[in-house]
Amino acid sequence: MKYLTLSLILITTHAATLGQSHSLLPVDDFGTITFSEVIQAEATSKEDLFNNAYNYLQSLVDNHKELKKDPLVNEDRSEINLPLAFTVYRDFPVHSPHGIIKYNLTVSVKEGRYRYLATNFVFHYLERNRYGRFVEVKGKSKALEDPVYKGSQNLWDQHKQQTGEKVAVMVETLKAEMMFTPDEPEPKIVKVQVNDDW
């Protein structure tokens, strides 16, 4: 019986460790889920990088009915911050919203390079109100770093996987938008009259 109990403890501990290490989401030195990268853009000025970043973040606000705030810009126009969110779903017993994952996206620009930073991922529970609409449960949230979810651990792991996928798509779109260069003005064409009197 002792051996059976010891075996179960070892298997459970190994499974928990495996589940934690299986999470593909990057973490910083403090264990906080953080996506960040510095990207070189030598041919692009700080001003153009700022405009590109602002336009992209503003398009996220314009295309997302739940986002109420415009991007926040610091004084020297070197950093733009935008709180973002997306809904995650459960499939059992029916496909329905389970929660909202909120996070912060910051884009910082310097001459010839920029950095994105996505962090502070928090899961906010949703429940159906008396009108049948899913609404956020006030005061009920959970940091996405938490390895354990009471209920369905598989569902929690799916939410983490979906977070990685959502951020990856957002980052690729951001990189494409940041490469945009404004059209240079067309050179003026000087008309010259050519005749026999030269």
With sequence neighbours excluded, what pairs up with [X] under the side-chain hydrogen bond (donor to acceptor under 3.5 Å, both in side chains) test?
X: Asn120; answer: none
X: Asp91; answer: His95
X: Thr44; answer: none
X: Lys110; answer: none

Looking only at heavy atoms, what is the nearest atom pair of [X] and [Y], with distance?
X: Arg113; Y: Leu49; value: O-CD1, 3.4 Å
X: Pro147; Y: Gln153; value: O-NE2, 2.7 Å
X: Val107; Y: Met178; value: CG1-CE, 4.4 Å

Distance in Å, [X] [atom1] paired with [Y] [atom2], rounded so as to fall on 0.5 Å steps:
X: Thr119; Y: Leu105; atom1: OG1; atom2: CG; answer: 10.5 Å
X: Lys160; Y: Ile101; atom1: NZ; atom2: CD1; answer: 10.0 Å
X: Gln158; Y: Thr163; atom1: CD; atom2: OG1; answer: 11.5 Å
X: Leu144; Y: Leu25; atom1: CG; atom2: CG; answer: 6.5 Å
X: Ile100; Y: His124; atom1: CD1; atom2: NE2; answer: 8.0 Å
X: Ser45; Y: Asp48; atom1: OG; atom2: CG; answer: 3.5 Å

Is there side-chain contact between [X] and [Y], with heavy atoms separated by less than 4.5 Å?
X: Thr34; Y: Pro26; result: no
X: Val61; Y: Lys69; result: no
X: Phe50; Y: Val73; result: yes
X: Phe123; Y: His159; result: yes
X: Lys102; Y: Glu136; result: yes

Taking the six-membered ring of Trp156 as reference, does the cationic atom of Lys150 (NZ for Lys, CZ for Arg) lie under 6.0 Å from its centre and within 45° of its axis?
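No, a cation-pi geometry is absent between Lys150 and Trp156.
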Test the Lys140-Tyr125 pair against the cation-pi criterion, namely NZ or CZ under 6.0 angstrom from the six-membered ring centroid and within 45° of the ring axis.
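Relative to the ring axis of Tyr125, which defines the angle, Lys140 lies inside both limits.
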Give a yes or no on whether [X] and [Y] share a hydrophobic cluster (residues Ile, Leu, Val, Met, Phe, Trp, Tyr; joining criterion: side-chain heavy atoms under 4.5 Å apart).
X: Val122; Y: Leu155; answer: no
X: Val27; Y: Tyr149; answer: yes
X: Ile39; Y: Met170; answer: yes
X: Tyr56; Y: Val171; answer: yes

For residues 166-178, which residue pairs qualify under side-chain hydrogen bond (donor to acceptor under 3.5 Å, both in side chains), counting only residues two or more places apart or in two chains?
Glu37-Lys175
Under 3.5 Å, is there a donor-acceptor pair linking the side chains of Gln161 and Asp157?
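Absent: no donor and acceptor within the cut-off.
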Residue pair Arg77, Asn51: steps toward the side-chain contact (heavy atoms from CB on, under 4.5 Å) verdict
CA-CA 9 Å; Arg77 294 171 56 94; Asn51 290 334; 3.6 Å; yes
Gln58 and Asp70: CA distance, side-chain angles, deciding distance, side-chain contact (heavy atoms from CB on, under 4.5 Å) verdict
CA-CA 7 Å; Gln58 186 61 54; Asp70 287 338; 3.3 Å; yes
Only distances under 3.5 Å count here; give the side-chain donor-acceptor pairs of residues 78-90 to other protein atoms, sequence neighbours excluded, each with its distance to 0.1 Å.
| unit_1 | atom_1 | unit_2 | atom_2 | d |
| --- | --- | --- | --- | --- |
| Ser78 | OG | Asn74 | ND2 | 3.1 |
| Ser78 | OG | Asp76 | OD1 | 2.7 |
| Ser78 | OG | Asp76 | OD2 | 3.4 |
| Glu79 | OE1 | Ser108 | OG | 3.2 |
| Asn81 | ND2 | Thr106 | OG1 | 2.7 |

Do Val167 and Val169 pass the side-chain contact (heavy atoms from CB on, under 4.5 Å) test, and can you show the C-alpha distance, the side-chain angles, and the key distance before you say yes or no?
CA-CA 5 Å; Val167 173; Val169 169; over 6 Å; no
Apply side-chain contact (heavy atoms from CB on, under 4.5 Å) to His98 and Leu126, showing your working.
CA-CA 6 Å; His98 183 228; Leu126 292 178; over 6 Å; no
Taking the inter-plane angle between the rings of Phe121 and Phe35 on a 0 to 90° scale, is it parallel (under 30°), tilted (30 to 60°) or perpendicular (over 60°)?
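Perpendicular.
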If you draw a 6.0 Å radius around CD in Glu47, do more than 12 non-hydrogen atoms from other residues or ligands fall strictly inside?
no
